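Structure first, commentary second.
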Amino acid sequence: MASMASSSVFSAPLHGFTRTKPRPIPNPSWVCSSRLASLSPFNKSSIGSSKSAFFQHGLPLKSSNLSGFMLKPRSFTVHARAATEKTIYDYTVKDIDRNDVSLDKFKGKVLLIVNVASKCGLTSSNYSELSHIYEKYKTQGFEILAFPCNQFGGQEPGSNPEIKQFACTRFKAEFPIFDKVDVNGPTTAPIYQFLKSSAGGFLGDLIKWNFEKFLVDKNGKVVERYPPTTSPFQIEKDIQKLLAA
């Protein structure tokens, strides 16, 4: 996979934490079922090469070594960009089964939003850690919203049913998975336009690669943005602080 040399974590200003009682969310149709059939064809292929070309708007950039981009955990500092008065709750998206889902269903929840892929070199570690984090905090008002995207090295080429089956059978993912979206370029999904306008990155508003992450507080505001190689485990302390707020 291509690289993105940087040593900084992307932050964005925190509006004051408020205590909001999480609302229970009924078991939605997009959550994985343990009754899914055997693994999809993706499970039989290797998870992508670490030497894949880096893509911007679907166009390859000069390849380099992603390992130099690894970040260390740091203290929780948030600098939210007050560029918009909107919140995550103003958007409706489609789930993996193509049903409309209003994100106001997640009011009062701490959210981790991530663009996922099934054949990336980061797939195994991220899906495993995301599933672990979700299992640990889902009863405390925490949700992970996963958006498949095929813009980076063509590493999410499958259909929605194949993506769902892959995540649910191989990694036992129980968090919501949504319809495949574009996160860069002229067809960027509105939810990602909002996320990027709320927290810029070191390449501006561009999503750099698979598994970039946005942390959203209980008020629906983006409070932190993490590059692809920041692991879910490195974000755990930040999640804990938002849950306790």
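Values in this document were obtained by computation on a predicted structure and should not be read as measured data.
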query = Do the ring planes of Phe178 and Phe147 sit parallel (below 30°), tilted (30 to 60°) or perpendicular (above 60°)?
reply =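 Plane angle under 30°, so parallel.
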task: Look at the rings of Phe142 and Tyr134 and say which category their plane angle falls in: under 30° parallel, 30 to 60° tilted, over 60° perpendicular.
output: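 Rings of Phe142 and Tyr134: tilted, as their planes differ by 30° to 60°.
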Compute whether any side-chain donor of one residue and acceptor of the other, for [X] and [Y], lie under 3.5 angstrom apart.
| X | Y | value |
| --- | --- | --- |
| Tyr226 | Gln234 | no |
| Lys213 | Asn126 | yes |
| Asn150 | Gln155 | no |
| Asp182 | Thr188 | no |
| Lys196 | Asn184 | yes |
| Asn160 | Asp97 | no |

The reported gap from OG1 in Thr139 to OH in Tyr137 (rounded to nearest 0.5 angstrom) is 10.5 Å
Rounded to the nearest 0.5 Å, the OG atom of Ser118 sits from the OH atom of Tyr127 at a distance of 5.5 Å
Measure from the side-chain N and O atoms of [X] to the backbone N and O of [Y], and report whether any donor-acceptor pair falls under 3.5 Å.
| X | Y | result |
| --- | --- | --- |
| Ser128 | Ser125 | no |
| Glu162 | Ser159 | yes |
| Asp179 | Val93 | no |
| Lys208 | Leu206 | yes |

_Between Glu212 and Arg225, does any NZ, NE, NH1 or NH2 come within less than 4.0 Å of an OD or OE carboxylate oxygen?_
yes
Legend entry - Lys172/Glu135 salt bridge by N-O under 4.0 Å criterion: no
Qualifying residue for side-chain contact (heavy atoms from CB on, under 4.5 Å) with [X], from [options]:
| X | options | value |
| --- | --- | --- |
| Val216 | Val223, Thr87, Leu111, Leu145 | Leu111 |
| Lys138 | Glu143, Glu174, Lys109 | Glu174 |
| Glu156 | Cys120, Pro148, Cys149 | Pro148 |

Margin query: ring pair (Phe, Tyr, Trp, His ring centres under 6.0 Å), that's the test. Do Tyr89 and Phe106 meet it? Break it down for me.
Written below: CA-CA 8 Å; Tyr89 311 133; Phe106 298 101; 8.6 Å; no
Hits for side-chain contact (heavy atoms from CB on, under 4.5 Å) against Thr92, two or more places apart or cross-chain, chain-then-number order -> Asp100, Ser102
Phe233 meets the side-chain contact (heavy atoms from CB on, under 4.5 Å) criterion, sequence neighbours left out, with Glu129, His132, Ile133, Ser231
